[in-house]
Amino acid sequence: MVDQKTHQQAELTPHGTVCARCGAVAEGAPPTWTCSVENGERRYFCDRCARDNIRAIEGRLDSSWW
């Protein structure tokens with residue numbers, strides 16, 4: 001069974017998508033941003049934060065580790 005929390009848009013706000021790392025805000029859900037599911041919650045990361053931490057992301061490390 002899939003945890004239903006992973007299907008929620010946890011970081012989407014009425015003002016846009018918020019980067020869980022630096023707090024950058026983008027309108028809507030930018031296709032170039034990275035989405036990670038950590039502890040059953042979706043977290044979005046802007047282009048810059050994703051590029052700066054790509055090895056940790058690909059290694060499936062939670063953002064608290066990077």
message: Restricting to side chain to side chain contact (heavy atoms under 4.5 Å, CB included), what partner residues turn up for Asp47, sequence neighbours left out?
response: Thr32, Trp33, Arg51
task: Could you walk me through whether Arg21 and Asn53 pass the side chain to side chain contact (heavy atoms under 4.5 Å, CB included) test, one step at a time?
output: CA-CA 10 Å; Arg21 184 94 176 141; Asn53 299 286; 4.1 Å; yes
message: Looking at every non-hydrogen atom in both residues, tell me the closest pair between Thr34 and Ala50 and how far apart they are.
response: OG1-CB, 3.3 Å
- prompt: Can you name the residues that form a side chain to side chain contact (heavy atoms under 4.5 Å, CB included) with Cys22, not counting sequence neighbours?
  reply: Cys19, Ala24, Cys46, Cys49
message: Tell me the closest heavy-atom pair linking Pro30 and Thr17, and the distance in Å.
response: CD-OG1, 3.8 Å
